[in-house]
Amino acid sequence: MTTDTASAPPQPRSGAERSPLRKLFSGSAGRSIGLVVALLVICVAGAVSGGDRFVDFGNVITILSQASIIGVVAIGMTFVITAGGIDLSVGSVLGLTTIVGSLTAVQAVAADSSWLVMVLLALLVGLGVGLVNGVVIAYGNVVAFMATLAMLVGARGLAELVGERRTFVVSDPGFKAFFRGDLFGVPVLVIMFALVAIGGWFLLNRTTFGRRTVAIGGNREAARLAGVNVKRHLVAVYALAGLTAGIAGVMMMARTNSGTSTHGLLYELDAIAMVVIGGTLLIGGRGTIMGTVLGVLIFSTLTNVFTLNNLSTSVQAVVKGVIIVVAVLLQQRFAKRT
Amino acid sequence: MRGLSKAFAGVRALRGVDFDVLPGEVHCLLGQNGAGKSTLIKTLAGAHRPDGGELLWEGEPVEIGSTTAAIELGIGTMYQELDVVDGLTVAENIFLGHERSTGGVLHRRASAKAASELLARLGHRELSPHAEVGDLSPAGKQIVSMARALSHDVKLIIMDEPSAVLDSEEVANLFRVVEQLTAQGIAVVYISHRLEEIRRIGDRITVLKDGASTASGLPVAETPTPELIRLMTGRSVANVFPPAAPVAPDAPVLLEAEGLALRGVFEGVDLSVRAGEVVGLAGLVGSGRSEILETIYGARKSTAGTVKVDGRVLRPGSVDAAVRAGVGLSPEERKSQGLILDEPIFRNVTLSSFARFARGGLLDERTERRVAREQIDALELRPADPDRSARTLSGGNQQKILLARWLVHGTKVLLLDEPSRGVDVGARAEIYALIRRLAEAGTAILVVSSEIEEVLGLADRVHVIADGRVLTERDASDLTEHDVLDLVLKGTAA
């Protein structure tokens, strides 16, 4: 130690030393400010180009409805990525849950008892697949990317097998009445997304589960040495992602009135993109539900603006790609600074 | 609580460690880098399982199967750096794994308050429980780590070089806390390189060398320093150093560094190496030795000073420029930084020069194999099969691959970081002879090793380094291992 530091008391570089503005922007709320600005810019662009068609309560509800299903998947994905993992299987799992939830036999049972059977089965399948993912990754020491890639292929195939490549029409009146309804003009699906988001925020920020998820993603060895059961926790995290895929499956059955193996195609990629744009670090250790919600809204608003302006889906895809790259570049700059 | 004792035998990095810790005492563990201190404490903390031996806790044999089990017994551990999560706050880190909560819902205010109290007890009220740990200085992280260990109900607390990142005032503070703990009957296992610290707070000392305890439970006050140094270093028969031919005084200076600095790591480093000369850097882990090599090589960008190879200044921070000028590095972490483990030997040997064997962009593997075969024969690399993957080789033979790589490339300046790490005793002498032969062929060699004996035996001249500064530069024959340790221990404590 040199003598000049010996006289100074230990000075943590805490918030007090930073400029207030910098502190604001480096806080978790502050990181979302950029996203809010981006969302506002897109909204202004929408209002200018789409006029009344964009600034319409009905259109806002459309945007939120489109956001709700992928949004629920993205909330689950936020936990997986925060823990330093990845789940490529969520789209396939979503498809599988819609099949299981709407099978003719299941609907027959539901008709005799309650439509809750359909919901419960879909959720259980999602949870079960997530558990398998988690066990293979945590206890089998298989890289998450490969384990869930295998599940992406396998679950889709299983959905085709179980459903015999058919599309099942959801006919249960109770199911439809509940999930296709609305509350004060807000569709139930949007309310479900909101509830999952709020629940996810609470779980990540206010519970031991969330705290340990961040710790494992930030420094797995440190978490282990601190006495966290890392493997068991990871199983729970992947199970959670599977469960959210199941919830999204139920929502998909409601929105499309059908169950088919192609539901949720490529949802995993959209969800990952939304999570990362939201500011959750892809290497783990830092996750934000607020950011993910904003990421989801940015994507769906953008899609809406493009559709109102009759831009082709190809153009949309290119722009989305550019946005993803720019978002990740910005994130890396941030990561370097800290 | 009555006396605790622990004994081990046969853990991979540990071969027979015996020592016992009494309540309320400060038991110091002393040993050179790689002596097994870290492995030992990780075993006590439940992070590693011992392969043999016996562990007694309060007179009862116990098995510590997990970190949680260690914590439940009452063993708290402060690791050197590993154990904080940068993305979490101070309070979150302190209570990680045993969060204050009801039904999984966190009590954030209560844990912030408890964290504040712990920090106050440690004399660090200025640390906010809400500060993010990634923003703290190393000293700050150390304090968080200690608060974490104390947040459990501990009977034994293990401190792995707690003073390494602290300045003198903070060390005084640390000692005050240690005294408080021992006054409460808590036992402390204290690991440090600094003898004079051990003299100040230690009650008894156990010395480790090569994974075994060479002395156990020596009373601090009655053991003279030379005796401790002798126990730490021992005498190993393995190091057979070839005689060094005198370097011609008019031999050209191939490598020259002037005022080289890397902010926060080292500064004002001047050194020069002539053709045919072996220069050694001696110092402890963290003294900046490896960083000096990496900066010369361009893997780190210097913040001041210049590096000249054969009289020409190298562009800072460019490995490419260094390699083109004829500099080669054999890195410390051979497996992760040096070799492509699953590739065959010959591709590893030609890695830096395969373009030379290519014609019109097409690789000429036949020539590559032939060149590699020549090296295999010259260096007596075993197994002598150019197609064998590098992973299957012993440490000594892997080291030979790296030397062969630079021989093929025609390196003028060779930087060797820990050339004998992981190399078994028999192969060491071969590696040493090889290094000498390279020097005699006109290569300038700069070598870093945590084994002081190795640096002294191998080098013509030695720079002794502590805390990123060169303490002295002398002919290797004018220094003994004792001198170097003495210099380093004094230098770091200053």
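Hydrogens, waters and symmetry mates play no part in the numbers below; they use all other heavy atoms, side chains included. In what follows, chains are A, B, ... by sequence order, proteins preceding strands, each numbered from 1.
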task: Given side chain to side chain contact (heavy atoms under 4.5 Å, CB included), test B:Leu106 with A:Thr208 step by step and report yes or no.
output: CA-CA 6 Å; B:Leu106 297 165; A:Thr208 54; 3.6 Å; yes
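Atom CG of A:Leu225 sits about 11.0 Å away from atom OG of B:Ser66, to the nearest 0.5 Å. To the nearest 0.5 Å, the span separating CZ on A:Arg206 from OG on B:Ser101 amounts to 13.5 Å. Once rounded to the nearest 0.5 Å, the distance linking CG of B:Leu88 with CZ of A:Arg212 reads 12.0 Å.
Residues B:Arg148 and A:Ala226 approach most closely at NH1-CB, 3.7 Å, considering heavy atoms. Minimum heavy-atom separation, B:Val85 to A:Ala222: CG2-CB, 4.2 Å.
When each of A:Asn229, A:Val228, A:Asn205, A:Thr207 is scored by its heavy-atom pairs under 4.5 Å with chain B, the top score falls to A:Thr207.
Within 6.0 Å of OH on A:Tyr139 lie more than 12 heavy atoms contributed by other residues, nucleotides or ligands. Within a 6.0 Å sphere centred on CE of A:Met290, heavy atoms belonging to other residues, nucleotides or ligands number 12 at most. With a 6.0 Å radius and a threshold of 12 heavy atoms from other residues, nucleotides or ligands, B:Arg176 has its CZ atom above the threshold.
Remark: the backbone N or O of A:Arg224 is paired with a side-chain donor or acceptor of B:Thr67 at under 3.5 angstrom.
Heavy atoms closer than 4.5 Å to chain A are found in both the backbone and the side chain of B:Leu96. In this structure, chain A has heavy atoms under 4.5 Å from both the backbone and the side chain of B:Ala47. When heavy atoms are compared at a cutoff of 4.5 Å, B:His107 does not approach chain A at all. Contact annotation for A:Arg220: neither backbone nor side-chain heavy atoms come within less than 4.5 Å of a heavy atom of chain B.
Proximity of B:Asp86 to A:Asn219: side-chain heavy atoms (C-beta onward) are nowhere separated by under 4.5 Å.
In this structure, B:Glu132 pairs ionically with A:Arg286, as a charged nitrogen and a carboxylate oxygen lie closer than 4.0 Å.
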